A.B. asks: 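Attaching a single structure in structure tokens format; questions to follow.
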Amino acid sequence: MTYEPVMVPQPKPNRTTRTVLIVVAVVLAVCCAVGACGGFWFYRSVKGAVEPARVAAAGFLDDVQAGNYPGAYGRLCGEVRDTMTLEDFSRVQSAQLKISSYEIVGVNVNNYNGRVTATVTVSAVQQTTGAQFTQGLALVKENDEWRVCQ
């Protein structure tokens, strides 16, 4: 008599672990894509809020640095222009030490009860002494334009 082996069916491979890992990977990929898009949108909206204030402050500082006091005076808010004439502004600015260079190191925009303001932090170097100092410029939004309001 010969012995014939009994045919045992192969067990089905357990694919539960693989399925769970695939689902987790897909969910993780979707979360990363949504997070990246949300982060990009947030960056663009914040940049859109602070960039005009940065440009206005840089324009004011460029005018002061170049000695274009009428141009800088035109960038002041109405409140300051009502209390100070162009001649007074020019006299004050020309009496101060000139700056050789500056860098805008921070911009903070606030909206409080509909009044939009900004604070621009500037790091500057004085021309004659070489001393470095940090100063904050207060800006206010008037008629959809940023104006320096010190």
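As the structure is a prediction and not an experimental result, all values here were calculated from the model.
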A.B. asks: I would like to know whether I104 and T121 meet side chain to side chain contact (heavy atoms under 4.5 Å, CB included); could you show each step before the answer?
C.D. replies: CA-CA 6 Å; I104 296 176; T121 306; over 6 Å; no

A.B. asks: Nearest 0.5 Å please: distance from the OG1 atom of T19 over to the CG atom of L21.
C.D. replies: 9.0 Å

A.B. asks: Show every disulfide bond (SG atoms under 2.5 Å apart) that has at least one partner inside residues 88-121, sequence neighbours left out.
C.D. replies: none

A.B. asks: Do you reckon F60 sits in the same ILVMFWY cluster as L86, going by side-chain contacts under 4.5 Å, direct or chained?
C.D. replies: yes

A.B. asks: Nearest 0.5 Å please: distance from the CG atom of N68 over to the CD atom of Q93.
C.D. replies: 11.5 Å

A.B. asks: Any heavy-atom pair between the side chains of I99 and F133 that's under 4.5 Å?
C.D. replies: yes

A.B. asks: With sequence neighbours left out, which residue pairs that include part of residues 71-124 fulfil the disulfide bond (SG atoms under 2.5 Å apart) condition?
C.D. replies: C77-C149

A.B. asks: Would you sort out whether L137 and L61 count as a side chain to side chain contact (heavy atoms under 4.5 Å, CB included), showing the intermediate values?
C.D. replies: CA-CA 10 Å; L137 288 177; L61 291 169; 4.0 Å; yes

A.B. asks: Just do the side chain to side chain contact (heavy atoms under 4.5 Å, CB included) check on E145 and N143 with the steps written out, would you?
C.D. replies: CA-CA 5 Å; E145 287 186 23; N143 300 327; 5.6 Å; no

A.B. asks: I want to check something: taking the side chain as every heavy atom from C-beta on, are V120 and R54 in contact at a cut-off of under 4.5 Å?
C.D. replies: no

A.B. asks: So, using ring pair (Phe, Tyr, Trp, His ring centres under 6.0 Å) as the criterion, who are the partners of Y73 when residues are at least two apart?
C.D. replies: F89

A.B. asks: Return the OG1 to CD1 distance between T17 and I22, rounded to the nearest 0.5 Å.
C.D. replies: 11.0 Å

A.B. asks: Do the side chain of Y102 and the main chain of A58 share a donor and acceptor less than 3.5 angstrom apart?
C.D. replies: yes

A.B. asks: With sequence neighbours left out, write down each residue that passes side chain to side chain donor-acceptor pair (under 3.5 Å) with R81, or none if nothing qualifies.
C.D. replies: none

A.B. asks: Does a donor on one side chain sit under 3.5 Å from an acceptor on the other, for S123 and Q132?
C.D. replies: yes

A.B. asks: Could you tell me which non-hydrogen atom of D63 sits nearest to which non-hydrogen atom of G71, and how far apart they are?
C.D. replies: OD2-C, 3.3 Å

A.B. asks: Any luck finding a side-chain donor-acceptor pair between T129 and Q126 under 3.5 Å?
C.D. replies: yes

A.B. asks: Could you work out the complete set of other residues in the hydrophobic cluster of Y112, with links drawn between I, L, V, M, F, W and Y side chains under 4.5 Å apart?
C.D. replies: none

A.B. asks: Considering only heavy atoms from C-beta outward, does the side chain of T117 approach that of L139 to under 4.5 Å?
C.D. replies: no

A.B. asks: Who passes salt bridge (charged side-chain N to carboxylate O under 4.0 Å, His left out) against D62, sequence neighbours left out?
C.D. replies: none

A.B. asks: Any side-chain heavy-atom pair from W146 and V140 closer than 4.5 angstrom?
C.D. replies: no

A.B. asks: Which value, rounded to the nearest 0.5 Å, describes the distance between R147 atom CZ and E79 atom CD?
C.D. replies: 13.5 Å

A.B. asks: Determine yes or no for a side-chain-to-main-chain donor-acceptor pair under 3.5 angstrom, with Q65 supplying the side chain and S100 the backbone.
C.D. replies: yes

